[in-house]
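Below, read A as the first sequence line, B as the second, and so on, with proteins coming before strands; counting in each chain starts at 1.
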Protein chains: 2
Amino acid sequence: MKHLLQDLKVNINDKIYIKDPESSDLGKRIIEHSILMIQEIGFESFTFKKLGEKIGSNESSIYRYFENKHKLLLYLTSWYWGWLEYQLVFATNSISNPEEKLKRAIEIITQTIKEDSSFSHINEVLLNKIVINEYSKSYLTKEVDHENKEGYFLIYKRLVTRLKEMIHEVDKKYKYPSSLASTIIEGALHQHFLKEHFATITDCSEDVSPSTYFIDLVFKSLK
Amino acid sequence: MKHLLQDLKVNINDKIYIKDPESSDLGKRIIEHSILMIQEIGFESFTFKKLGEKIGSNESSIYRYFENKHKLLLYLTSWYWGWLEYQLVFATNSISNPEEKLKRAIEIITQTIKEDSSFSHINEVLLNKIVINEYSKSYLTKEVDHENKEGYFLIYKRLVTRLKEMIHEVDKKYKYPSSLASTIIEGALHQHFLKEHFATITDCSEDVSPSTYFIDLVFKSLK
DNA sequence: TATACTATGATAGTAATACTATTATATTTG
DNA sequence: CAAATATAATAGTATTACTATCATAGTATA
C-alpha cells in the first residue's frame, strides 16, 4: 500500500490556506512541525511565533501560508479525514459482501493509528492524536455556519456519508443511518479520549478496542 | 416539581471557584450574565472585562470569584450536569421496571431543554446550548488529567455511571455498558449540534428527536 | 459610636497573543 | 543581468489575561 499512497495528494479546499503548504519546503516544514508542536503543547498554547522559532523561520512567513492557527487546524484535520477516507475506500473497495464491507469500514475508522505511513513530512500517528484532542474545537465555533458554507468541512461530511451508505447497504430499512454513521466517527474519537483520560466511564482499554464495541453496537442495530 | 427544586443547591467542587458565586448578589449576576454572554458571543470571544461592563461591575471583582474563564466554564457545565442528574434521579426513581426506567433516563438526557425551570438566575435552556457548543472544550486540554484528579469532572462521570447502571439492570450480560452510557451522553450533545449546523450528516430534525434515535440504538443493543 | 473587617470598584501595569505593515535580503526565473 | 518572488527581520498595534495596589462603601463588632 505504501508505494501506492506515495504520490497521493489529499485535496484540500484552497480557501483554507493562503499559499499551498505542499508547494514549498517551508510549507512542508510548517505542516510537519505544527503537528509535532500541537501534539506536544496543545492547540491553546501553540502559536505561530513559537512555531517560527522551532523551524528557524519567521512568524510573518507562516502568516503567508495560513491566516491564523484556526485555519491551520482546519487544514491538518481536513488532511487527516482525507487520508482516512482514502484508507477506507482502498480497504473496502474490493469487498462485495455488505456486512463484511461495513465491518472493515468500522475497523478502519475506529482503529488506533499505529505506524507511520508514506507521507514523509506528516506523522499520521500524531495527527490522529491531534484529531482526538482538537477536532471538536474546529467546528464548535460561532463561525461554523459560515465556514461550513465555504466548504471547510466537506471531506469530513463526505466520510460520514460514505459510512452511512455502507450502513444503508446492510439494512435498507434502518431509519437512522446518518446519525449512526456520525455517532461512530465522533464516538470513536471520544472513546479513544476516554480510554486515555477518563477510564472509569468507558469499557475500552488495552484489551477491548473501540472497534469491538462499535462493531457490536452497529450490527445489533441493523437487520 | 418546580417548588421542590426551588431550594436545591447543586453541589460543586469548591476548588473550581475562589469564592462561591451563590453566596452573593454579584456572584449570581456573574453566573446569570456569563450564561447569556457565552451563548451570545461564544466562549472564545467571552472575557471577564466584557462581562464586567455588562453587569456594571469590574473585571477585578470577577477575578475574586473565578481564577479564569476556563474555571467559570467548568462551574457552569458542572452545574448543568448536576441539575440534569437531579432531573434524572427524580424522574426515574419511582420506576421499577428496568426497561421503562432506562427509557425514561435516555429521554431526560437526550431531550432538548424547553422551558425555564426554577433557578431564578440560571437559564437552563441557554445553559444546555452552552453545554452543546462548549462542553468538550472544558476537558480537551493539556490539564485534563490534573483537573480530573482534582475532581472537576466528578458530577459528569457520576451521571455516566448512573446511566451505565441502568443499562446493566436491563441486560446484565451486555459487555459495554460504560461505553454505551458515555456514547449516549456525548452523542446526544453531538446530534443536537449536527441538527443545528450539519443537517446532512444526521437523521435528527424537527420530526425525529435524538431521543428516538438513541432509544432505538440502545434497546437493539441490549438483551 | 468608633473601628475594623469585608466586598467591591477603580486604576495602573505587565507579558503574551494575534496579528499588520514595512523594509531588507536571498533565490529563482525569464 | 534584471525582474520577480519568497522569505526574513523588525517594528508596531490592539486585545487578552491577568496581578497588584489603593480607595470606598457597607456591615459587624467591641
Side-chain angles (χ1 to χ4, degrees), chain A residues 14-34 37-38 40-76 121 134 137-138 140-143 146-147, chain B residues 14-34 37-38 40-76 121 134 137-138 140-143 146-147:
Chain A
D14 60 17
K15 281 177 202 147
I16 289 180
Y17 50 76
I18 298 168
K19 181 180 169 169
D20 185 359
E22 285 299 317
S23 71
S24 74
D25 182 67
L26 178 62
K28 283 174 196 158
R29 274 190 297 141
I30 290 172
I31 298 307
E32 178 180 0
H33 290 274
S34 64
M37 208 166 186
I38 291 172
E40 196 188 333
I41 65 174
F43 187 66
E44 275 67 42
S45 302
F46 169 82
T47 70
F48 281 1
K49 198 175 178 193
K50 289 175 189 168
L51 179 61
E53 279 158 25
K54 187 98 158 207
I55 63 178
S57 175
N58 200 274
E59 204 188 352
S60 61
S61 302
I62 301 167
Y63 276 105
R64 292 222 180 71
Y65 286 83
F66 294 100
E67 233 177 292
N68 49 50
K69 69 174 180 174
H70 169 68
K71 289 283 180 80
L72 172 58
L73 180 62
L74 285 172
Y75 181 91
L76 295 177
H121 60 297
E134 323 287 359
K137 299 172 193 168
S138 79
L140 295 176
T141 68
K142 281 284 164 187
E143 294 76 37
H146 171 250
E147 295 189 344
Chain B
D14 60 17
K15 281 178 202 147
I16 289 181
Y17 49 77
I18 297 168
K19 181 180 170 169
D20 185 358
E22 286 298 317
S23 70
S24 73
D25 182 68
L26 178 62
K28 283 174 196 157
R29 276 190 296 140
I30 290 173
I31 298 307
E32 178 179 358
H33 290 275
S34 64
M37 207 167 187
I38 291 172
E40 198 189 331
I41 66 174
F43 187 66
E44 274 69 41
S45 302
F46 169 82
T47 69
F48 281 0
K49 198 176 179 192
K50 289 176 191 168
L51 179 61
E53 279 157 25
K54 188 99 155 207
I55 63 178
S57 174
N58 200 275
E59 205 188 352
S60 61
S61 302
I62 301 167
Y63 275 106
R64 292 214 183 76
Y65 285 83
F66 294 100
E67 232 178 291
N68 50 50
K69 69 175 180 173
H70 169 68
K71 289 284 181 79
L72 172 57
L73 180 63
L74 285 173
Y75 181 90
L76 295 177
H121 62 295
E134 324 286 0
K137 298 171 194 168
S138 77
L140 295 176
T141 68
K142 280 284 164 188
E143 294 76 34
H146 171 251
E147 296 190 343

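Of the possible polar contacts, one joining the Lys50(A) side chain to the Ser45(A) backbone as a donor-acceptor pair under 3.5 Å is found.
Between Phe48(B) atom CZ and dT15(D) atom C1' there is a gap of 16 Å when expressed in whole angstrom units. Between Asp20(A) atom CG and dA6(D) atom P there is a gap of 12 Å when expressed in whole angstrom units. The CD1-C1' distance, from Ile30(A) to dT7(D), rounds to 11 Å in whole Å. Rounded to whole Å, atom P of dA17(D) lies 5 Å from atom NZ of Lys69(B). Distance CZ (Phe46(B)) to C1' (dT15(D)): 16 Å, rounded to an integer number of Å. If you measure from atom CG of Leu72(A) to atom P of dC19(C), you get 12 Å, rounded to the nearest angstrom. Note: NZ (Lys50(B)) to P (dT15(D)) measures 10 Å, nearest angstrom. For the pair Lys49(B) NZ and dG13(C) P, the interatomic distance rounds to 14 Å; values are reported in whole Å.
Shown here are the side chain to side chain donor-acceptor pair (under 3.5 Å) partners of Lys71(A), two or more places apart in sequence or in another chain: Glu67(A).
One side chain, His70(A) or Glu147(A), offers a donor N or O that lies under 3.5 Å from an acceptor on the other. His33(A) and Glu40(A) form no side-chain donor-acceptor contact under 3.5 Å, judged by distance and modelled atom types alone. Ser24(A) and Tyr65(A) are linked by a side-chain donor-acceptor pair at a separation below 3.5 angstrom, with hydrogens and angles left out of the test.
Nucleic acid contact for Gly56(B): sugar-phosphate only, since backbone atoms but no base atoms lie under 4.0 Å from a heavy atom of the residue. At a threshold of 4.0 angstrom between heavy atoms, the contacts of Glu67(A) are confined to the sugar-phosphate backbone, with no base atom among them.
Listed in residue order, the members of residues 57-66 of chain B having a heavy atom less than 4.0 Å from DNA chain C are Ser57(B), Asn58(B), Ser60(B), Ser61(B), Arg64(B), Tyr65(B).
More than 12 heavy-atom neighbours from other residues, nucleotides or ligands sit within 6.0 angstrom of NZ on Lys137(B).
The aromatic rings of Phe46(A) and Phe48(A) stand perpendicular to each other, their planes meeting at an angle above 60°, with 30° marking the opposite boundary.
For the pair Glu44(A) and Lys19(B), both in contact range of DNA chain C, the more 5′-proximal nearest nucleotide belongs to Lys19(B).
A sub-4.0 Å separation between OP1 or OP2 of dT8(C) and a side-chain N or O of Ser24(B) is present.
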